[in-house]
Amino acid sequence: MEALARLSGVALECPDTRALARFYARLTGWRLVYESDDWCSLGEDESSAFHLSFQRSPGHRPPVWPDPASSMQFHLHLRVADLDAAEPVVLAAGGKKAAYQPNRAGSRVFLDPAGHPFCLVG
């Protein structure tokens, strides 16, 4: 089947685009390729096939996880070589470890500075 489109990015809503971009730049090693008050994008470079972006949402309310009454909709997985070594880097960058950890041996759940859940995966 021929593809109609290709995924070029994911955008997370947040109250401060630059702060969240700096957080994910620290974790991914990607650089800021576009910046404004309302939108920032990270990628390996400006012409990368995929960008992780951040859209300003002044009324942003982070998802609650886990919460059987609501849904987090999606979350990012970031693959790391060593979960134990990566965890303090996430915490130092401003992430928070989620209280509920369903698979501590294979992954760790964190919340980014805007409250989005994401996983480090070993």
Smallest heavy-atom separation, Phe50 atom then Leu52 atom, equals CE2-N, 4.2 Å
Is the backbone of Glu13 close enough, under 3.5 Å, to the side chain of His116 for a donor and an acceptor to pair up by distance?
yes
Kindly indicate whether the side chain of Pro15, heavy atoms from C-beta on, has any atom under 4.5 Å from the side chain of Pro58.
no
Do the side chains of Arg108 and Asp84 get close enough for a salt bridge, i.e. N-O under 4.0 angstrom?
yes
On a heavy-atom basis, the closest approach of Thr17 and Cys40 is OG1-SG, 3.5 Å
On a heavy-atom basis, the closest approach of Val109 and Pro102 is CG2-CD, 3.9 Å
Among Ile, Leu, Val, Met, Phe, Trp and Tyr joined by side-chain contacts under 4.5 Å, find the other residues sharing a cluster with Trp39 and list them by chain and number.
Tyr34
Can you check whether Asp38's main-chain N or O pairs, donor with acceptor, with Ser36's side chain at less than 3.5 Å?
yes
So do Leu76 and Leu12 actually touch side chain to side chain, heavy atoms under 4.5 Å?
yes
Shortest non-hydrogen pair, Gly43 vs Ser48, comes out as C-OG, 4.0 Å
Could you check whether any side-chain heavy atom of His60 comes within less than 4.5 Å of a side-chain heavy atom of Pro62, counting everything from C-beta outward?
yes
State, with a plain yes or no, whether a side-chain heavy atom of Glu87 is found less than 4.5 Å away from one of Phe110.
yes
Do Arg31 and Glu46 come within less than 4.5 Å of each other through their side chains, counting heavy atoms only?
yes
What pairs with Phe23 under ring pair (Phe, Tyr, Trp, His ring centres under 6.0 Å), at least two apart in sequence or on another chain?
Phe118
Among the clusters formed by ILVMFWY side chains lying less than 4.5 Å apart, do Tyr24 and Leu32 turn up in the same one?
yes
Before giving the answer on side-chain contact (heavy atoms from CB on, under 4.5 Å), spell out for Val80 and Val89 the whole-Å C-alpha distance, their side-chain angles and the decisive distance to 0.1 Å.
CA-CA 11 Å; Val80 296; Val89 174; over 6 Å; no
Applying salt bridge (Lys or Arg N to Asp or Glu O under 4.0 Å), can you list everything that pairs with Arg18, at least two apart in sequence or on another chain?
Glu35, Asp37
Using a 4.5 Å cut-off on heavy atoms from C-beta on, say whether the side chain of Ser107 contacts that of Leu120.
no
Let me check something: do Leu7 and Val33 share a hydrophobic cluster, defined by ILVMFWY side-chain heavy atoms less than 4.5 Å apart, either directly or through other members?
no
Any Asp45 side-chain heavy atom under 4.5 Å of Trp30 side chain
no
In short, His51 meets Ser41 closest at the heavy-atom pair CB-CB, 4.3 Å
Hey, are the side chains of Leu20 and Asp112 touching, using non-hydrogen atoms and a 4.5 Å cut-off?
yes
Rounded at 0.5 Å granularity, tell me how far SG in Cys14 sits from CZ in Phe54.
7.0 Å
